[in-house]
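Atom set for the values below is all heavy atoms of this structure, side chains included, hydrogens, waters and symmetry mates excluded. By convention here, the first residue in the shown sequence is residue 1.
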Amino acid sequence: MTTCRLCGASGLAGVVDLGATPPCELFLTAERLDAPEPTYPLHLRVCTSCWLAQLPPLITPEETFTEYAYFSSYSTSWVEHARRFVDGAGLRPDSFVVEVASNDGYLLQHVVERGVRCLGIEPSANVGRAAIDKGVPTLTEFLSPEVGQRVRAEHGPADLVVANNVYAHIPDVVGFTKGLRALVADDGRVSIEVQHLLTLMELNQYDTIYHEHFQYYTVASALRALASGGLHLVDVELLPTHGGSIRLWAQPGEAPLSQRALDVLAREKAAGLHELSGYEDFAARVAKVRRDLLRFLIDAADAGKTVVGYGAPGKGNTLLNHCGIRPDLLTYTVDRNPYKHGRFTPGSRIPILAPERIAEDRPDYVLVLPWNLRDELVEQLAYVREWGGALVFPIPSLEVVG
């Protein structure tokens, strides 16, 4: 990778090199365990011109999202987050809402309940079928300017376009943004939620670096990305979701930045993220997370303690592979998504079982891989304390919660 995918500049500086891993959502079936497993470099770089942090486009969205293992509705807190968003969106009975990367209808189901017209655009056919089963009209497509124009011609312009946890997943930033612009009415709004690079850096959230995330945004780089497709940033909200996200509000017409947006830009600048200095010690902090987790797991194994995992998220596979964790240190992990049961994590090849297995086996420690759902999972896993077990959170720093 020699040039920035947003501005075309050649000044890309290394931020952290996590080695080479398989794509994080390609969970293995038992039949594939003896087959070769391709790996790809995982080296985060930042453009010193527009400050977009990015990975080289080594895999295509089609490889990841044609059939997808992630169903949003398995996170109770995420569904509630979506409901609150819809409640506060100011929708009218005659509004038209389009969500891009609408997944299994986790958000648009709340729009349908209000009798408001909507459409989901979801590239993964298996996930989109779950949305259709909920009564959410869903188009199986990847968004492009042409698809956006076609939807607009067929359904009319959207008053609200939502794009949650997808703006990082597309290698063609400019084309995708033009697709959003094609969908939205000239007086409409676009809401984009994406992980904030500021919190990723501050809280050592390096496991969210994986191949299906092609870029990582500050408000400064997002402002430039939106402008590349004809959208203007007007407001920013800071959200706790996914360990720290930003909700970007944009519109076709120009308007001054809100004070909230200016405040976040000032925080980013103070953290050094608008210059190279803010990125220089991140690799050292990542290395410490790895050493601390490995030391804990090795000490637990030497002491005869049992450690299992909770969750099989994409971020967990970055952590497992970067740390070199295998079934000798983590016997298995569990997940609420039945699609993953009986499969194995990519690279590390750790078995994925149903959540009930934890209560059956009563392990000493449960390593929580979706740490971003901490509050939800501390409550769900409270029963682990019944036999003296404890939860282990690896990020932002190792913490054992008994």
Side-chain angles (χ1 to χ4, degrees), residues 1 16-44 55-72 74 101 103-104 122-130 140 142 168-171 206-214 290 293-294 297-298 301 306-358 361 367 369-370 394:
M1 182 176 187
V16 65
D17 188 344
L18 301 176
T21 70
C24 69
E25 293 288 348
L26 293 185
F27 295 93
L28 302 171
T29 60
E31 294 75 22
R32 290 181 54 204
L33 287 178
D34 290 329
E37 192 176 4
T39 62
Y40 303 87
L42 198 55
H43 185 179
L44 182 68
L55 295 175
L58 298 171
I59 61 174
T60 67
E62 288 78 9
E63 289 175 282
T64 300
F65 298 110
T66 300
E67 181 173 356
Y68 197 37
Y70 180 74
F71 289 70
S72 296
Y74 284 109
N103 202 265
D104 61 2
E122 169 54 50
S124 303
N126 65 316
V127 178
R129 280 193 297 271
T140 304
F142 287 93
H169 292 68
I170 36 92
Y206 81 92
D207 57 343
T208 58
I209 299 169
Y210 43 82
H211 297 105
E212 69 178 64
H213 283 171
F214 293 97
R290 177 177 180 270
L293 178 57
L294 276 175
L297 292 174
I298 292 169
T306 53
V307 186
V308 305
Y310 187 93
K315 63 166 64 70
N317 293 323
T318 292
L319 183 75
L320 295 173
N321 283 294
H322 178 244
C323 294
I325 296 169
R326 300 293 182 264
D328 62 319
L329 296 178
L330 193 70
T331 310
Y332 59 81
T333 191
V334 304
D335 199 273
R336 291 179 66 189
N337 185 352
Y339 175 90
K340 299 178 183 179
H341 297 168
R343 296 179 185 247
F344 299 78
T345 58
S348 54
R349 296 169 177 238
I350 292 169
I352 306 170
L353 308 176
E356 293 76 20
R357 186 64 178 266
I358 290 179
D361 291 346
L367 176 65
L369 296 174

Show me the pairs that pass side chain to side chain donor-acceptor pair (under 3.5 Å) and involve residues 318-328, at least two apart or across chains.
Y206-H322
Under 4.5 Å between any side-chain heavy atoms of T21 and N317, yes or no?
no
Rounded at 0.5 Å granularity, tell me how far OH in Y310 sits from CZ in R357.
15.5 Å
Do L353 and T333 make a side-chain contact, defined as non-hydrogen atoms from C-beta onward lying under 4.5 Å apart?
no
Distance col, row L367:CG vs L330:CG, nearest 0.5 angstrom, shows 6.0 Å
Would you say K340's side chain and A312's backbone share a donor-acceptor pair under 3.5 angstrom?
yes
side-chain hydrogen bond (donor to acceptor under 3.5 Å, both in side chains) involving T345 - partner list, sequence neighbours excluded
S348
Looking at residues at least two apart in the chain, or sitting in another chain, which of them share a side-chain contact (heavy atoms from CB on, under 4.5 Å) with I298?
D302, L329
Mind listing the closest non-hydrogen atom pair of G311 and P370 along with its distance?
CA-CD, 3.9 Å
Heavy-atom distance under 4.5 Å between the side chains of L294 and I325, does that happen here?
yes
Please find the pair of heavy atoms, one from C24 and one from G314, that lie closest to each other, and give the distance.
CB-O, 3.5 Å
For the side chain of H43 and the backbone of A20, is there at least one donor-acceptor N/O pair under 3.5 Å apart?
no
State, with a plain yes or no, whether a side-chain heavy atom of L319 is found less than 4.5 Å away from one of L293.
yes
Side chains of Y332 and D361: any donor to acceptor distance under 3.5 Å?
yes
Got P355 and H341 here, is their nearest side-chain heavy-atom distance under 4.5 Å?
yes
Taking the side chain as every heavy atom from C-beta outward, state whether N337 and I352 have any atom pair closer than 4.5 Å.
no
Taking all non-hydrogen atoms of both residues, which atom of P327 and which atom of P351 are closest, and how far apart?
CG-CD, 4.5 Å
Do the side chains of V334 and V308 get nearer than 4.5 Å, heavy atoms only?
no
The criterion is ring pair (Phe, Tyr, Trp, His ring centres under 6.0 Å); which residues satisfy it with H213, sequence neighbours excluded?
H169, Y210, Y216
In chain order, what residues pass the side-chain contact (heavy atoms from CB on, under 4.5 Å) check against T140, with sequence neighbours excluded?
A125
To the closest 0.5 Å, what do you measure between NE2 (H211) and CG (L42)?
4.5 Å
Could you pull out the closest heavy-atom pair between D104 and A130, with the gap in Å?
CB-CB, 3.8 Å
When every non-hydrogen atom of F344 is compared with those of A30, the smallest separation belongs to CE1-CA, 3.9 Å
Could you tell me if the side chain of L28 sits less than 4.5 Å from the side chain of R343, heavy atoms only?
no
Please list all pairs meeting salt bridge (charged side-chain N to carboxylate O under 4.0 Å, His left out) that have one or both residues in residues 31-42, counting only residues at least two apart or in different chains.
E37-R349
